[in-house]
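Values below: every heavy atom of this structure, side chains too, minus hydrogens, waters and symmetry copies. The residues of the chain are indexed from 1 along the displayed sequence. Every value quoted in this text rests on a predicted model; they were computed, and no experiment measured them.
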Amino acid sequence: MMSGTNNLKPAAEMKMCCACCGIAEGDDIKLKTCTACKSARYCSVKCQKDHRPKHKKDCKKTSG
């Protein structure tokens with residue numbers, strides 16, 4: 001049993017990543033949020049379109 005330690009980073013240290021390619025948000029990369037569910041983020045329209053078949057089912061569940 002592990003005691004007292006966890007591998008979770010504080011929210012301030014966590015970076016958002018593109019749901020398709022995994023590139024992290026940074027000074028030169030601004031991720032755009034899925035307007036329907038607000039949970040998936042993408043670095044480009046191409047990544048959003050490429051990831052759409054995988055994201056569609058989860059997006060519908062989240063956005064209602």
Side-chain angles (χ1 to χ4, degrees):
M1 185 172 178
M2 299 186 79
S3 63
T5 61
N6 64 32
N7 294 329
L8 298 177
K9 293 182 179 180
E13 289 183 31
M14 294 178 69
K15 293 207 178 202
M16 294 295 185
C17 297
C18 176
C20 184
C21 70
I23 194 166
E25 185 172 51
D27 291 337
D28 57 337
I29 297 178
K30 298 291 181 193
L31 299 179
K32 292 137 190 88
T33 305
C34 174
T35 57
C37 70
K38 311 279 192 261
S39 63
R41 290 175 173 76
Y42 300 100
C43 65
S44 67
V45 173
K46 181 186 182 321
C47 274
Q48 184 179 14
K49 287 180 180 178
D50 289 351
H51 191 252
R52 181 70 182 148
K54 295 175 192 164
H55 176 64
K56 189 175 181 178
K57 194 180 294 183
D58 290 333
C59 184
K60 284 185 178 185
K61 286 180 191 173
T62 305
S63 61

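Listed for the Glu25 side chain is no donor-acceptor partner under 3.5 Å among the backbone atoms of Met16. Counting only distance, with no hydrogens or angles, the side chain of Lys38 and the backbone of Thr35 share a donor-acceptor pair below 3.5 Å.
Counting only residues at least two apart or on different chains, no ring-ring contact (aromatic ring centres under 6.0 Å, His included) pair has a member in residues 19-39.
Looking only at side-chain heavy atoms (C-beta outward), His55 and Cys59 come within less than 4.5 Å of each other.
Between Cys43 and Cys18 the shortest heavy-atom distance is N-SG, 3.5 Å. Lys30 and Asp27 make their closest contact through CE-O, 4.3 Å (heavy atoms, listed as atom of the first residue, atom of the second, distance). The shortest heavy-atom contact between Ile29 and Ile23 is CD1-CD1, 3.1 Å.
Exactly one residue among His51, Lys32, Gln48 makes a side-chain hydrogen bond (donor to acceptor under 3.5 Å, both in side chains) with Tyr42. That residue is His51.
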